[in-house]
Amino acid sequence: MSIRPVRFLVAICISALLLFSSAFPASADPVNPTSSKSSPQQGEANLQSIEKEAQKAVLKDPYSQKETQSKANQGLNEIQGAADIDQMNRPENSQDAISVEDKSKNFLEAITGRKDKN
């Protein structure tokens, strides 16, 4: 038995795989497809205020425990505060999110044409 045709076939398959994987890169599903699209410029104002607060924290002495607690209680943490808190994913605002398990079940059901009995 000659091994040359098998090697040639494997080389052709690998070449085709490389060609198609570079021609059609993977695309990701949006995490929340119902959310509104935003432009990068919308977050600039919040980021500038976060940057100013971070610079204040770095240039002065380290926060005391009371100061850290009071600033952290105002929002997400002592630097970021409440900036973008409405855009963060938390259990309170993620009830409508579709889990990876549900996405994969839906995908498999679409492929096989069957519904899971569970």
Side-chain angles (χ1 to χ4, degrees):
M1 179 173 181
S2 179
I3 212 158
R4 283 188 182 194
V6 175
R7 286 174 50 189
F8 181 72
L9 185 62
V10 170
I12 293 294
C13 290
I14 290 174
S15 299
L17 178 69
L18 289 174
L19 177 71
F20 287 122
S21 65
S22 65
F24 304 109
S27 62
D29 284 339
V31 175
N32 188 359
T34 59
S35 67
S36 61
K37 303 293 182 208
S38 63
S39 67
Q41 291 79 19
Q42 289 177 340
E44 186 176 349
N46 285 336
L47 289 177
Q48 288 177 346
S49 65
I50 292 170
E51 181 184 5
K52 285 181 188 176
E53 195 67 30
Q55 286 176 353
K56 283 184 205 174
V58 169
L59 293 176
K60 69 180 235 174
D61 291 334
Y63 287 154
S64 67
Q65 183 179 3
K66 286 184 179 181
E67 200 173 11
T68 301
Q69 287 175 344
S70 67
K71 288 201 169 265
N73 288 336
Q74 294 173 3
L76 301 171
N77 56 45
E78 60 269 11
I79 299 298
Q80 192 170 353
D84 295 333
I85 196 166
D86 57 330
Q87 296 174 359
M88 296 280 180
N89 290 328
R90 300 179 310 280
E92 302 88 49
N93 66 357
S94 298
Q95 299 303 320
D96 297 335
I98 300 170
S99 70
V100 174
E101 182 181 2
D102 290 338
K103 281 186 178 183
S104 61
K105 279 183 184 178
N106 293 341
F107 175 72
L108 291 173
E109 287 172 359
I111 288 177
T112 60
R114 296 184 286 184
K115 285 278 189 189
D116 191 16
K117 303 282 191 244
N118 294 338

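As the structure is a prediction and not an experimental result, all values here were calculated from the model.
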Pair Lys105 + Glu109, salt bridge at N-O below 4.0 Å
no

Nearest-0.5 Å distance, NZ of residue Lys103 to CG of residue Leu108
14.0 Å

Nearest 0.5 Å, what's the CD1-CG distance between Ile14 and Leu19?
13.5 Å

Path from Val10 to Leu18 over hydrophobic side-chain contacts below 4.5 Å
yes

